[in-house]
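For reference, the structure I am asking about is given below.
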Amino acid sequence: MRIVVGAAAAATLALTTLTFAPAAPAAQAALSVPSGQPGGAYDWTSVNVDTTQGFRALDAVDADTAWLGGDGGGVFRTTDGGQTWDEVSPPGADELLFRDVEARSASEAVVLSIGEGEASRIYKTVDAGATWTETFRSAEPAAFYNCLDFWPGGKRGIAMSDPVDGEWRIITTADGGDTWTIADTRGLEAPGEVGYSASGTCLVTAGARDAWIGGGGSAAKVHATHDGGRTWSSADSTIATGEAAGVFGLGFRNPRQGIAVGGDFGLEDDGVDRAAYSTDGGRTWVNSASDLGGYREAVAWIGGSTAIAVGPNGSDLTHDNGRSWKPFGAEQTRFHVVDCVGGTCWAAGAGGRVGVLTS
């Protein structure tokens, strides 16, 4: 089980991207939340990137700057709040599926492509995409990298692959992604577990040394490290399991407060037991008191106790740290990935769909 629903990654992706309409032709068009409805204090604004590539890789630097990674090897960057976008793709990347991007600024970013063996690669730019350096290419045919993230400061980072020989495969960097080393993964045994390359949030970091991995398949666990990846522990997320089900997205606003979302890729309208929250750094998880509006692929904190979850059939808001959820938004608010910074959230999805949520 790779990418989102299985080893047939490319075929699955094609089916997914055909589900949605292309981005709106206008540069920006309001997607308002109906007055009096849950989440009515928020509006999505549609942003035109002028592409039909599907997006599952997104990192917001601030309200003006964001980076996107596409399923046709595209990398796009805006520095004016989404009014204009530059395509800054690595040369020869047309056949790659970019599933995670982590940006430090308008100039520096790291992108991850997914796939079996050598298709899993990491590229880095320090000049706004004018040039790229390939800093990692998997030499293990059984590996399939899903997500990456960096700790504050941007020097130390971590990336994860589906299990290899029964253990999650972890690589780390101490130089901002210039070089990567396979880490000792004893304690990360994962019989029958798989990772989901749905939104680049199956692995996230917080604080100085904490990181979490979510997965599915035989179990829907969250694996946590609190010492920079040297040791790991595992906990049941309470999210439903299945062949194409489990934890798809994680979000931690500090080393203790986290949210997990997911579900079953084949049941996108089923929101039962699709969200959970933790108050102790992922050591234990509690199922949310109310269900989501459907299967969700990513979650991000807006600020305080408020977070947003997105998926292919809509969006949900929580104002109590993930204990309860309410759907909001029109039909157009269908996204695969979301990221928030400074009270502004960016989201992206199939067919070049991009939106900005402001409060």
Selection residues 265-312 - residue pairs positive for disulfide (SG to SG under 2.5 Å), sequence neighbours left out: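 Passing the test, one end in residues 265-312: no pairs.
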Would you list the pairs meeting disulfide (SG to SG under 2.5 Å) in which at least one residue belongs to residues 43-89, sequence neighbours left out?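 As it turns out, there is no disulfide (SG to SG under 2.5 Å) pair with a partner in residues 43-89 once direct neighbours are skipped.
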Tell me, which pairs form a disulfide (SG to SG under 2.5 Å) where one or both residues lie in residues 275-327, sequence neighbours left out?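 The answer is none; no pair qualifies.
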Salt bridge (Lys or Arg N to Asp or Glu O under 4.0 Å) filter on D178, not counting sequence neighbours, yields K124
Would you say the side-chain atoms of D59 pair up with the backbone N or O of A103, donor to acceptor, closer than 3.5 Å? yes
Do N321 and S305 get their side chains close enough for a donor-acceptor pair, meaning under 3.5 Å?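 There is no such pair (donor and acceptor under 3.5 Å, judged by atom type) between the side chains of N321 and S305.
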Distance-only polar pair, side chains of E167 and T185, donor-acceptor under 3.5 Å: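 A pair is found: one side chain offers a donor N or O, the other an acceptor, under 3.5 Å apart.
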Is it true that S199 and H336 share a donor-acceptor pair across their side chains at a distance under 3.5 Å? no
Who are the side chain to side chain contact (heavy atoms under 4.5 Å, CB included) partners of D236, not counting sequence neighbours?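 Here no residue qualifies.
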Which pairs of donor and acceptor atoms, one on a side chain in residues 106-115, lie under 3.5 Å apart (sequence neighbours left out)?
unit_1: S113; atom_1: OG; unit_2: A119; atom_2: O; d: 2.8
unit_1: S113; atom_1: OG; unit_2: R121; atom_2: N; d: 3.2

Considering only residues two or more places apart or on different chains, which pairs with a residue in residues 181-267 satisfy disulfide (SG to SG under 2.5 Å)? C147-C202
Summary of ring pair (Phe, Tyr, Trp, His ring centres under 6.0 Å) pairs that have at least one residue in residues 220-242, sequence neighbours excluded: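 As it turns out, the ring pair (Phe, Tyr, Trp, His ring centres under 6.0 Å) pairs with a partner in residues 220-242, which skip direct neighbours, are W168-H223.
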Residue pair R296 / N313, side-chain donor-acceptor N/O under 3.5 Å: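 N313 and R296 do have a side-chain donor-acceptor pair below 3.5 Å.
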Could you walk me through whether E297 and R56 pass the salt bridge (charged side-chain N to carboxylate O under 4.0 Å, His left out) check? CA-CA 9 Å; E297 295 173 320; R56 292 180 182 269; 3.1 Å; yes
Assess the pair F248 and Y295: is the distance between their ring centroids shorter than 6.0 Å?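 Yes, close enough.
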Supply the atom-to-atom distance D86 CG to T78 OG1, rounded to the nearest 0.5 angstrom.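 Rounded to the nearest 0.5 Å, the CG-OG1 separation comes to 8.0 Å.
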Taking only residues two or more places apart in sequence or in another chain, which ones pass salt bridge (Lys or Arg N to Asp or Glu O under 4.0 Å) with R256?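 Partners of R256 by the salt bridge (Lys or Arg N to Asp or Glu O under 4.0 Å) criterion come out as none, since no residue qualifies.
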What residues join I239 in its hydrophobic cluster, counting side-chain heavy atom gaps under 4.5 Å, either direct or through other members? V204, W212, V222, V247, L250, F252, W285
Pairs flagged by side chain to side chain donor-acceptor pair (under 3.5 Å) wherever residues 150-159 is involved - sequence neighbours left out: none
Donor-acceptor side-chain pairing of E87 and S89 below 3.5 angstrom: yes
Residues that P90 engages under side chain to side chain contact (heavy atoms under 4.5 Å, CB included), provided they are two or more places apart: V75, A93, F98, Y123, W132
Any heavy-atom pair between the side chains of S278 and D280 that's under 4.5 Å?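 Result yes, sub-4.5 Å side-chain heavy-atom pair found.
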